[in-house]
Participant: 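First, the structure itself, so that you have it in front of you.
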Amino acid sequence: TFPVTVSTTGHAVPSTLYGLMFEDINSGDGGLYAELIMNRGFQQVTPGTSAALQAWAALGSTSHISVVKSSTAVSTALPNALSLTVTSGTTGTVGFTNTGFFGIPVTAGWKYSGSFYYRFPTSPATQVSGSFTVDLRSTTGTVFTSTTVPFTSSAGWKKVTFSFTPSSTQTSVSNLFALSVNAATVSGLTIEFTLISLFPPTFNNRANGIRMDLSQALLDMKPGFFRFPGGNNLEGQTPAQRWAWELTVNDVVNRPGRLGDWGYINTDGLGIYEYLQWIEDMEMEPIMAVYAGYSLNGQSVASADMQQYITEAINQINFVIGSTSTAQGAIRAAMGHPAPFTLNYVEIGNEDFLSQATASYASYRWADLYNALSAEFPQLNFIATSATSGFVPAISPAPKFWDLHIYSNPNFFINGAFNFDILARNGLQFFQGEYATTTQNSGASLPYPFIDGSIAEAAYMTGFDRNSDIVFAASYAPLLNHVSSTQWTPNLITHTPNSVIKSTSYYVQQLFSLYKGDTYLTSTTNTASSPVQWSATKNTAGQQVFLKVINTATTANTVVFTLPFGTISTAGTGTVLTAASGTMNTPASPNAAAPKNFTFTAGKTITYNAPGLSASVLIVSAH
Ligand SMILES: O=S(=O)(O)O[C@H]1C[C@H](O)[C@@H](O)[C@@H]1CO
């Protein structure tokens, strides 16, 4: 039994203590970003190759499609187009299909909103007109919903929009988007198409917005912040391929996209504006990174060449908070948000104390950017990046905020519960920007989080609660992955085109975030060797006390709390996540482990028998 006396003293818990780390790592296009058409704009592809046609296929044997460099591009950003050539005399229907991002959800009642650009590169002598048919269908050709869009063959690109609403939901996501036309009406002609786009309803009904079900799963965690755009995906393989904010703003027809750092083209339809608008809608605040002159081929921008990137970072921040009299603030206003977005934290780079990045970060990249940005924006907090483990190297100007990353096994997290207790209180503030149990203690990899690792993370997180006077933010990483396209496991949430699988670690993150309170209450000192870790916090306004109990042993352990409050309800409610060792939530067993609610007898003394491998919170009204 573990006797725990809770005191009335403690310290404030920052609102940003628990949040989300995000980058497009099989999680942006085809994930958070709600666009349903893969390779919609043929961005960054080589015309004439089969790769250029990724996700696209001809409809039937008489349709001839290829990706071409358009003789008249729809925009400088989008030079390519899909070309449909209709041989003279062809009869029947011709066209093409798209598979979506490994599937397309067909959901009854959803109003799907689509658009595309088309042009006839060679206008026929006699103008022709007719209509395209767009639809959602099964892979065997059963049409679920469709509509038509008129066309004329006059010269020049035309943008058309359409919508349709299925009347029934398909359980399978193996569906196709199809665009087709009666061959006879365009016999002998070629038609080009690009930026072929289809959106489902989006979170907060935003145009060019974010997927609803993933937004809801994240909203249900009440996350305090959202770190974006990376992580590795900030850095590019070369400086030229870095994430550059300016290529991600304005209409998507003006966004060239880029080769992301996870091996596929990012459309950048999820651009800085869409990130910020969604972060605001989700009642989070951004922790926004600026490129700091290091790219993942090991190349650092030379000191003499840094000014371009300093200016770019200043402009990026002005896009977020600058007045509309700045060129960048004016773009923000034109896109629909004249008021500045909330911004308190800017991270300078990502993992700059790794290998070749260290020397240049320490000698000029940090100082150049920190000095310029803090002079321009003295109200902002600038975060230095650290290695994937260990603490703060000596660089100047001395950073006040550090981003620490650690990926390890359950034992590390269990034994690390007091890693922050030993740190000096010298003004430094820490952001545990990335952490996760990524292997079993044996070293075996993890396709999904498992209960043993999630409970180990929970033990570590009691250290964040207890040390939230110097830990201002913490986020598990990576956040999301697509079940059909993954390069990193485990992830907090796995998604399919129409479902969200919440991992055991998701429920741990949710428990700590929902019940972080606004004040940490000091309690009986514990040690890293204990199988049980605890944390007491309170919500002052709500007069609630949250008692978290983490039991990393496989056998039950009893904790006896003594509360210092004069008024304590006699009944409390609680939530517990527990499962047998090795349990994982997977697409095949999405609810193998889920939190369960319970009630308990409360009072000055509360006795709780914590199951083996469990994370619990006991909620009691007290003041
Ligand atoms: O290969 S790693 O450096 O371990 O990649 C990690 C660290 C990096 O910041 C993030 O993008 C990635 C996965 O979350």
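Computed from a predicted structure; not experimentally measured. Read the numbers this way: they start at 1 and go in the same order the structure lists the ligands and their atoms. Sequence positions, counted from 1, serve as the residue numbers for this chain.
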Participant: Does N233 reach the main-chain N or O of G260 with its side chain, forming a donor-acceptor pair under 3.5 Å?
Facilitator: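 Such a contact is absent between N233 side chain and G260 backbone.
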Participant: Below 4.0 angstrom from a heavy atom of Y407, which ligand 1 atoms are there? Numbered from 1 as shown, please.
Facilitator: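 Numbered from 1, ligand 1 contributes 13 (C), 14 (O).
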Participant: Angle class for the F199/Y33 ring planes (parallel below 30°, perpendicular above 60°, tilted otherwise)?
Facilitator: perpendicular
Participant: With sequence neighbours excluded, tell me which residues meet salt bridge (charged side-chain N to carboxylate O under 4.0 Å, His left out) with D213.
Facilitator: R211
Participant: Taking the six-membered ring for Trp, are Y435 and F413 parallel (under 30°), tilted (30 to 60°) or perpendicular (over 60°)?
Facilitator: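 If you compare the ring of Y435 with that of F413, the planes turn out tilted.
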Participant: Is there side-chain contact between R206 and W278, with at least one heavy-atom pair below 4.5 Å?
Facilitator: no
Participant: Please collect all salt bridge (Lys or Arg N to Asp or Glu O under 4.0 Å) contacts where either partner lies in residues 357-376, sequence neighbours excluded, each pair once.
Facilitator: D352-R365
Participant: Taking the minimum heavy-atom distance to atom 8 (C) of ligand 1, which of I25, T385, N232 ranks first?
Facilitator: N232
Participant: Between ligand 1 and Y476, can you find any atom pair, the residue atom being a heavy atom, that is separated by under 4.0 Å?
Facilitator: no
Participant: In ligand 1, which numbered atoms sit nearer than 4.0 Å to a non-hydrogen atom of W262?
Facilitator: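 Every atom of ligand 1 under 4.0 Å from some heavy atom of W262: 11 (O), 12 (C).
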Participant: Would you please classify the geometry between the Y345 ring and the F472 ring as parallel, tilted or perpendicular, with 30° and 60° separating the classes?
Facilitator: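 F472 vs Y345 ring planes: parallel.
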Participant: Which atoms of ligand 1 are found less than 4.0 Å from any heavy atom of P478?
Facilitator: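 What qualifies from ligand 1 is 14 (O).
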Participant: Note the single closest protein heavy atom to atom 3 (O) of ligand 1, along with its residue, its atom name and the distance in Å.
Facilitator: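 Going by distance alone, atom 3 (O) of ligand 1 is nearest to E351 OE1, 2.9 Å.
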Participant: Please work out whether any backbone atom (N, CA, C, O) or any side-chain heavy atom from C-beta onward of N350 is under 4.0 Å from ligand 1, and answer side chain, backbone, both or neither.
Facilitator: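 Under 4.0 Å from ligand 1, N350 contributes side-chain atoms alone.
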Participant: For ligand 1, is there an N or O atom under 3.5 Å from any N or O atom of E434?
Facilitator: yes
Participant: Any N/O of E23 closer than 3.5 Å to an N/O of ligand 1?
Facilitator: yes
Participant: At less than 4.0 angstrom from any non-hydrogen atom of G231, what atoms of ligand 1 do you find?
Facilitator: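 The list of qualifying atoms is 9 (O), 11 (O).
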